[in-house]
Peer 1: 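Here's a structure for you.
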Protein chains: 2
Amino acid sequence: MTDVADVSVQPLLDYFNRLIPLSTEEKELIKSKFHSHLFLKKQFALQHGDVCEYFNFVVRGCMRLYMVDDKGVYHILQFATENYWILDLTSFHKKFPAKLNIDALEDTVVLRITHSDLLDLYIRAPKFDRIFRVLLENHFMLQQQRMVQLFSSTAEERYQLFLETYPHLLNRLSQVQIAAYLGVTPEFLSRIRSRMAKSDK
Amino acid sequence: MTDVADVSVQPLLDYFNRLIPLSTEEKELIKSKFHSHLFLKKQFALQHGDVCEYFNFVVRGCMRLYMVDDKGVYHILQFATENYWILDLTSFHKKFPAKLNIDALEDTVVLRITHSDLLDLYIRAPKFDRIFRVLLENHFMLQQQRMVQLFSSTAEERYQLFLETYPHLLNRLSQVQIAAYLGVTPEFLSRIRSRMAKSDK
DNA sequence: AAATAGCCTTAATCCAGATCAATGTTTTTT
DNA sequence: AAAAAACATTGATCTGGATTAAGGCTATTT
């Protein structure tokens, strides 16, 4: 009998297959270890202070990974839409209370695996060591690009780059979210936009 | 016959062994694939525009990974001293011209492996998929901590944290280097230090 | 349909850190 | 040992972006 969860594992199988082709047994393993979960808009997948229990793959929707600093300001480290991973890796691996939060900006479906099931997966099929190595490499490269950007460009340049890199996100996110991603206040982002609109004429 | 290079692979064997114990054959593989190289102070291991050919492990000395922005300002992403890894991962994997530079701040000995030898290592001993997965996880966590820090703290707080995290580096680096790591000018770092000296009394 | 809360913009003022400049100090090179 | 280069400090001035505040707009909620 095929249930809803079985069907929705497909995007993840496709994703892994694109990295390294999987055998039938490996596909079965994935089906047994990853479980789908729905987060409604504004629901938390992880709250600051809790341990991050899951490695999440977004099938549909959009989530954000962020921190809130001492002054209450939000800083978004990463958005995750279709086919992206999202978790607090430090908390997940070290079982530390998370410094980061994850919540849904839209109704979002994820496929997720627990830490112990992931370890079990590595033991049963060492190919997943390789797959997750590659996956981490990609994740690291994205994060490093972002750091280089934060270091070396002005808020306006960062916004321009955001528009070029994530055109599909522009209409899905409020300016409050985009500002928190760029590392500026919403007021200043508004100013950037009006400045750009003027000089575009 | 045992030569100098053989002897110096030991720190790397120790490092891997601490992550996951190695068999004799795996140790031999390491010895055949990693080669030591000496960089004199100020010598480049990677220059912006070239492809990053090596995955480097620092045995002795100190290197920095940095970028130079359009205005000629230096931004240091990472220092690597004894038992740290240093490379431009994006350039190494994608064979893109590097945006980053690596050079030696002291006379430095590294053990390094080429991209094709690393792929060969993964094929001959899948345990290295796991070892490098863990290694990348650690590298990612360090980088993310740094990003969170850059986002949410003032220059003075970042300097305090630098002192706590890397006390052994304070006397090995000039303030110019530390300032480029913190993301401020040397002038402003000097100011922070004098401010802190005053309030300590 | 009204009420409430969140979103976006504009303007006035403020501040952390940059820039420019001058001077002294330490290190490296010759 | 002298000269050159890099490093460190201090002061005056400037600026990108924050903060505060107010008004209009747009979604949810009731």
Side-chain angles (χ1 to χ4, degrees), chain A residues 40-43 62 64 66-76 103-107 149-163 169-201, chain B residues 40-43 62 64 66 68-76 79 103-107 149-163 169-201:
Chain A
L40 295 178
K41 187 170 176 173
K42 294 192 182 178
Q43 271 186 340
C62 182
R64 59 176 178 169
Y66 65 99
M67 69 167 304
V68 183
D69 71 20
D70 326 328
K71 287 153 222 142
V73 179
Y74 284 58
H75 303 275
I76 297 177
D103 65 13
L105 295 172
E106 307 171 354
D107 294 354
Q149 224 192 90
L150 277 173
F151 253 134
S152 62
S153 28
T154 63
E156 178 158 348
E157 288 163 344
R158 259 140 52 211
Y159 181 59
Q160 299 265 18
L161 211 68
F162 172 82
L163 292 182
L169 283 184
L170 181 61
N171 303 311
R172 288 170 71 174
L173 299 173
S174 72
Q175 287 181 217
V176 175
Q177 306 305 333
I178 297 175
Y181 178 81
L182 297 177
V184 297
T185 55
E187 290 91 335
F188 193 65
L189 177 55
S190 172
R191 200 143 303 201
I192 287 171
R193 285 162 55 89
S194 76
R195 224 189 270 156
M196 282 170 57
K198 256 178 225 161
S199 68
D200 271 4
K201 280 185 299 190
Chain B
L40 295 177
K41 188 172 175 170
K42 293 192 183 177
Q43 271 185 340
C62 182
R64 59 175 177 169
Y66 65 100
V68 184
D69 71 21
D70 326 327
K71 288 153 220 139
V73 179
Y74 284 57
H75 304 274
I76 297 177
F79 295 114
D103 65 14
L105 295 171
E106 307 171 354
D107 295 352
Q149 225 192 89
L150 277 173
F151 253 134
S152 63
S153 29
T154 64
E156 178 159 347
E157 287 164 345
R158 260 140 52 209
Y159 181 59
Q160 299 264 19
L161 211 67
F162 172 82
L163 292 181
L169 282 183
L170 181 62
N171 303 311
R172 287 170 74 174
L173 299 173
S174 72
Q175 289 182 214
V176 175
Q177 305 306 331
I178 297 174
Y181 177 81
L182 297 177
V184 297
T185 56
E187 290 93 331
F188 193 66
L189 176 55
S190 172
R191 221 148 289 212
I192 288 171
R193 285 163 53 89
S194 76
R195 221 189 273 156
M196 281 170 58
K198 255 177 226 160
S199 69
D200 271 6
K201 279 184 303 192

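Lettering of chains follows the sequences in order, A, B, ..., and the numbering in each one begins at 1. Keep in mind the model is a prediction, meaning the values are calculated, not measured.
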Peer 1: Which nucleotide in the list dT19(C), dG17(C), dA18(D) gets nearest to the side chain of A155(B)?
Peer 2: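 Shortest atom-to-atom distance from the side chain points to dG17(C).
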Peer 1: K42(B) or R158(B): which one's nearest nucleotide on DNA chain C is closer to the 5' end?
Peer 2: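 The residue whose closest nucleotide sits nearer the 5' end is R158(B).
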Peer 1: Where each residue is assigned the nucleotide of DNA chain D containing its nearest heavy atom, which of S194(B) and Q177(B) is assigned the position nearer the 5′ end?
Peer 2: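 So the residue in question is Q177(B).
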Peer 1: Of the listed nucleotides (dC8(C), dA18(D), dT9(D)), which one gets closest to any side-chain atom of Q175(A)?
Peer 2: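 Selected nucleotide (nearest to the side chain): dC8(C).
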Peer 1: Would you mind telling me which of dC7(C), dG17(C), dT19(C) lies closest to the side-chain atoms of T154(B)?
Peer 2: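 Of dC7(C), dG17(C), dT19(C), dG17(C) is nearest to the side chain of T154(B).
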Peer 1: Separation of L40(B) atom CG from dT29(C) atom P, in whole Å?
Peer 2: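 Computing the L40(B):CG to dT29(C):P distance gives 11 Å.
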Peer 1: Classify the ring geometry between Y74(A) and Y66(A) as parallel (under 30°), tilted (30 to 60°) or perpendicular (over 60°).
Peer 2: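 Parallel: the ring planes of Y74(A) and Y66(A) meet at under 30°.
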Peer 1: Per the atom types in the model, does the base of dA16(C) pair as donor or acceptor with the side chain of R191(B) at under 3.5 Å?
Peer 2: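 There is none.
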Peer 1: With no hydrogens and no angle check, is any side-chain donor or acceptor of D107(B) less than 3.5 Å from a backbone partner on K41(B)?
Peer 2: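 Such a contact is found between D107(B) side chain and K41(B) backbone.
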Peer 1: Taking the side chain as C-beta and beyond, is there a heavy-atom pair between Q175(A) and P186(A) under 4.5 Å?
Peer 2: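 Side-chain contact under 4.5 Å: no.
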Peer 1: Is there a side-chain contact between K42(B) and L40(B) in this structure, where contact means two heavy atoms from C-beta onward sitting under 4.5 Å apart?
Peer 2: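 Not in contact.
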Peer 1: When the distance from CE of M196(A) to P of dT10(C) is rounded to whole Å, what number comes out?
Peer 2: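 Atom CE in M196(A) sits about 14 Å away from atom P in dT10(C).
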Peer 1: Of all the choices, dT10(C), dT28(C), dT28(D), which nucleotide is nearest to the side chain of K41(B) once you look at every atom?
Peer 2: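 Selected nucleotide: dT28(C).
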Peer 1: From the list dA18(D), dA16(C), dT10(D), which nucleotide is the closest neighbour of the side chain of F188(B)?
Peer 2: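 Given the options dA18(D), dA16(C), dT10(D), the side chain of F188(B) is closest to dA16(C).
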Peer 1: Roughly how many Å is it from CG in L173(B) to P in dC7(D), rounded to a whole number?
Peer 2: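 So the two atoms are 12 Å apart, to the nearest Å.
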Peer 1: Could you state the atom-to-atom distance from CZ of R195(B) to P of dT9(D) in whole Å?
Peer 2: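 About 14 Å, once rounded to whole Å.
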Peer 1: Return the value, rounded to whole Å, for the distance between atom NZ of K71(B) and atom P of dA18(C).
Peer 2: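 Atom NZ in K71(B) sits about 12 Å away from atom P in dA18(C).
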Peer 1: Of the nucleotides dC8(C), dC7(D), dG17(D), which one has an atom closest to the side chain of V184(A)?
Peer 2: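 Among dC8(C), dC7(D), dG17(D), the one nearest the side chain of V184(A) is dG17(D).
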Peer 1: From CG of L170(A) over to P of dC7(C), roughly how many Å is that when rounded to an integer?
Peer 2: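 Rounded to the whole Å, the gap is 16 Å.
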Peer 1: Look at the side chain of E187(B) and decide which nucleotide, out of dG17(D), dA18(C), dC20(C), has an atom nearest to it.
Peer 2: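 The answer is dC20(C).
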Peer 1: Can you check whether S153(B)'s main-chain N or O pairs, donor with acceptor, with R158(B)'s side chain at less than 3.5 Å?
Peer 2: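 It does hold such a pair.
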Peer 1: From C-beta outward on S190(B), which listed nucleotide comes closest to its side chain: dG17(C), dT9(D), dC8(C)?
Peer 2: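 So the side chain of S190(B) is nearest to dT9(D).
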Peer 1: Looking only at the side chain of S174(A) (C-beta and beyond, no hydrogens), which of the listed nucleotides dC7(C), dT19(C), dG17(C) gets closest?
Peer 2: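 So the side chain of S174(A) is nearest to dC7(C).
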Peer 1: Could you tell me the separation between the CG atom of L189(A) and the P atom of dT10(C), rounded to a whole number of Å?
Peer 2: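 Rounded to the whole Å, the gap is 12 Å.
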Peer 1: In whole Å, I'd like the distance from the CD1 atom of I178(B) to the P atom of dA6(D).
Peer 2: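 Distance check: I178(B) CD1 to dA6(D) P gives 19 Å.
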